[in-house]
Asker: 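This structure is in structure tokens; I'll ask about it shortly.
Lettering follows sequence order; numbering is per chain, from 1. Hydrogens, waters and symmetry mates play no part in the numbers below; they use all other heavy atoms, side chains included. This is a predicted model, so every value here is computed, not measured.
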Protein chains: 2
Amino acid sequence: MRQASVRAHNLALVLRQVAAADRPPSRADVAASTGLTRATVSALVDDLVGGGLLAEVGPAPRSGAGRPATGLVLHGYGPAGLGLEINVDYLAGCVVDLTGTVRHRAVLHGDQRPLAPDAVLAAVADLGARLRAEARAAGRTVAGAALAVPGLVSGTGLVHRAPNLAWHEVDAAGVLATGPLGDLPLTIDNEANLAALAELHAGGPDSFVYVSGEIGIGAGIVLHRDLFRGARGWSGELGHVCVRPDGPLCRCGALGCLEQYAGQEALLRDLPPGEAGLARLRDDAALAEGRLPAAGRSLGVALAGVVNMLDVGTVVLGGIFGPLTPWLAPAVEAELARRVLTAAWAPMTVRASALGPAAAAVGAAGAVVRDILAEPAEWVLR
Amino acid sequence: MRQASVRAHNLALVLRQVAAADRPPSRADVAASTGLTRATVSALVDDLVGGGLLAEVGPAPRSGAGRPATGLVLHGYGPAGLGLEINVDYLAGCVVDLTGTVRHRAVLHGDQRPLAPDAVLAAVADLGARLRAEARAAGRTVAGAALAVPGLVSGTGLVHRAPNLAWHEVDAAGVLATGPLGDLPLTIDNEANLAALAELHAGGPDSFVYVSGEIGIGAGIVLHRDLFRGARGWSGELGHVCVRPDGPLCRCGALGCLEQYAGQEALLRDLPPGEAGLARLRDDAALAEGRLPAAGRSLGVALAGVVNMLDVGTVVLGGIFGPLTPWLAPAVEAELARRVLTAAWAPMTVRASALGPAAAAVGAAGAVVRDILAEPAEWVLR
DNA sequence: GTCAAATAATTCAACCGCTAAACAAATTAA
DNA sequence: TTAATTTGTTTAGCGGTTGAATTATTTGAC
């Protein structure tokens, strides 16, 4: 470790303090809260302002004597993040600035399953390029992009499997590198992981499991404000946790997977598929009361196992589960209360996601800017 | 972050390099492998030798020209760690030096369930004090202690529950602070967690789930050579993961917990309890073949859920499961292969623990010395 | 209206830790 | 015996933080 890493660390520390403050802090405030001296903080802030990550704002009216402070805020026109999402029945994208505010967004509805992977990737790249142009026109520079995919992704941007898109070993990063976004640094991640990050940044608790109900069921796990990826990066396959060892055969080849009890197809059996069926379920109380509690119990059984192993105190229901939470949550909570060993003294919370549709796109864009905020040295000392 | 943390970081870095090397490295070797200069390494090594963490050994015979190097090794007579274990039918303890070698050990067999918690704690403290005296007589100073308990422990040393000991909110740290070990820094942890650490230090893979079969079933999760504790520190309750939602009633109040299918009581139904019954199971092939595969399948169902969520590639069977692995592993492997979504391209390994009995005591002692090695600055710059 | 007190931010000498290069020490090979 | 080689130490210099002094700007009291 060199001294330069001290600088890098402290740049990130100062930036974090400014981002976390509820009102624009002064250099002196930051010095007090970090333990660094005001001299050091001043030098660090100079670098961050020079690098376009922080901006100074007029002094907040303050009581008492003394020279008024100059407030520090994240720069609204600094580098921005582009988030993209490919899902079964829509494409989505958005641009987020350093403060986490969504500045531009777009959604393209339409079933992606009939299209070849390359065509879908070209369409989402086109969507991203349009949003990037919008951002540039508004004075913001997109510094990187992240893509959410409903499947298993390796760190190199290879989509091993996206079962519900019928994708198999698709080199998404390679395809996008040749398109209009080819010049941007790009990461590709699982849709549930990025939606969980969106939930975190939208004010979620420090640790939770985000359950993403789309065609399949995925989970994004956040522990201590950090995305948990497991040993090899393929964590969170909640939909294929076993609920009954001798249950119905799942598409994955196993018996009694959760997806067979609480997946979209199971919930909408004998109903029209997609949004139409979900609307029926939301609006017809008797119908919802008839089938959702059973799905909730299965969800609860699977989640209880997860919580017994991971010890996470909050479950967030997202995707199609979000609007159905009133019917699902009581059953989930009941199973958790009965089956989680620590439930007696560490109670569990089940709630609906705070996010609307295309949560993963927002999470993806947020992940880009969070990466810049976490390692400002690379951006500032370029 | 201050400059002193650079020093602390580099002290640990040098120490890690020496510990990881397969033969005593020279200062120049360490400089080459860390990227630090020889001058810096020399200064750091001087501190570490002065602090009693490193020792110089005679030069290894080497071919080629040049001044012979002085080899560096972890100091065999530096600070040592005391590990203690309370289990249902024995107490155990050991002293481990910085190199990880077990120098002294002791086991006291006997059912602890009839005794009050204070009596058990007094007995284990007594055992620890004897081992500490032995270590001192041999020229080693015990620098800290760790205690393994088969239950849920909070960071402050409070044992919330140890169901198989019938303990409930026992302030183990408080009791031990008044005994003969009261002057030692003490940590208390779950038995499966510490056994998993022992497995890791004994050469286990970087990421694995250690399944601890004792009276109950616990799990210690190691990810990237680090113990995974979950959100609040109570991870790994594998025994209460649900295998069948409508299965038999468990002691915990839930239905169909794994412990009902693969716990010691289930395995030894109609057999003598304890070691006698286990010996029967090991020696009577027909008996083992008759009931262990079914237990293995249940274990496999529960572990498949864990692996789908955590994405861990190796399962290590420990405790009573260790010697029974030949009968259990095939069933576990079959369920994992069928139920783990990534099994097709990321194959799973199931193996027996490399450790004998009282693994948790060894892991506890190892954890103490690993803590010293991980933060040598606190020890050296005292 | 002036001055003292208070708070914010900058400047500067000192210190700490690492680097690079020169140097000293100890061995092998010619 | 000497040159080559490698190890380890010494020394000057540099980056980064600290702490104290200094400058800047406001409020409040007389």
Asker: Between C1' on D/dG15 and CG on A/L11, what's the gap in Å once rounded to a whole number?
Answerer: 13 Å

Asker: A quick test of your reading: do over 12 heavy atoms of other residues, nucleotides or ligands sit less than 6.0 Å from CZ of A/R105?
Answerer: no

Asker: Quick one: side-chain hydrogen bond (donor to acceptor under 3.5 Å, both in side chains) pairs with a partner in residues 132-142 of chain B, sequence neighbours left out?
Answerer: B/H104-B/E134, B/R132-B/D183

Asker: Is there a side-chain contact between B/V41 and B/N10 (heavy atoms, below 4.5 Å)?
Answerer: no

Asker: Where the side chain of A/S235 meets the backbone of A/F228, is there a donor-acceptor pair that is under 3.5 Å apart?
Answerer: yes

Asker: Between the side chains of B/E56 and B/R27, is the shortest nitrogen-to-carboxylate-oxygen separation below 4.0 Å, so that they form an ion pair?
Answerer: yes

Asker: If you define the side chain from C-beta out and look only at heavy atoms, does anything of B/D47 sit under 4.5 Å from B/L44?
Answerer: no

Asker: State whether B/T37 places a side-chain N or O below 4.0 Å from either non-bridging phosphate oxygen (OP1 or OP2) of C/dC18.
Answerer: no

Asker: Using a heavy-atom distance cut-off of less than 4.0 Å, which residues of residues 17-24 of chain B contact DNA chain D?
Answerer: none

Asker: Any protein N or O atoms within reach of nucleotides 9-11 of chain C? Criterion: under 3.5 Å, listing atom names and distances.
Answerer:
| residue | atom | partner | partner atom | Å |
| --- | --- | --- | --- | --- |
| C/dA9 | OP1 | A/T70 | N | 2.8 |
| C/dA9 | OP1 | A/T70 | OG1 | 2.6 |
| C/dA9 | OP2 | A/R27 | N | 3.2 |
| C/dA9 | OP2 | A/A28 | N | 3.3 |
| C/dA9 | N7 | A/R38 | NH1 | 3.4 |
| C/dT10 | OP2 | A/S42 | OG | 2.3 |

Asker: Could you check how far CG of A/N10 sits from C1' of D/dT18, rounded to whole Å?
Answerer: 12 Å

Asker: Filter on side-chain hydrogen bond (donor to acceptor under 3.5 Å, both in side chains), then keep only pairs touching residues 221-231 of chain A, sequence neighbours left out; what's left?
Answerer: A/D189-A/R229, A/D206-A/R225

Asker: Please name the pair of heavy atoms, one in B/P376 and one in B/L15, separated by the smallest distance, quoted to 0.1 Å.
Answerer: CB-CD2, 3.6 Å

Asker: Is there any protein nitrogen or oxygen under 3.5 Å from a nitrogen or oxygen in nucleotides 14-16 of chain C, and what are the pairs?
Answerer:
| residue | atom | partner | partner atom | Å |
| --- | --- | --- | --- | --- |
| C/dC16 | O2 | B/Q3 | NE2 | 3.2 |

Asker: Measure the shortest side-chain to side-chain distance between A/L184 and A/L82 over non-hydrogen atoms and say whether it is less than 4.5 angstrom.
Answerer: yes

Asker: Nearest-Å distance, CG (B/D47) to C1' (C/dC18)?
Answerer: 14 Å

Asker: With sequence neighbours left out, write down each residue that passes side chain to side chain donor-acceptor pair (under 3.5 Å) with A/S33, or none if nothing qualifies.
Answerer: A/Q17

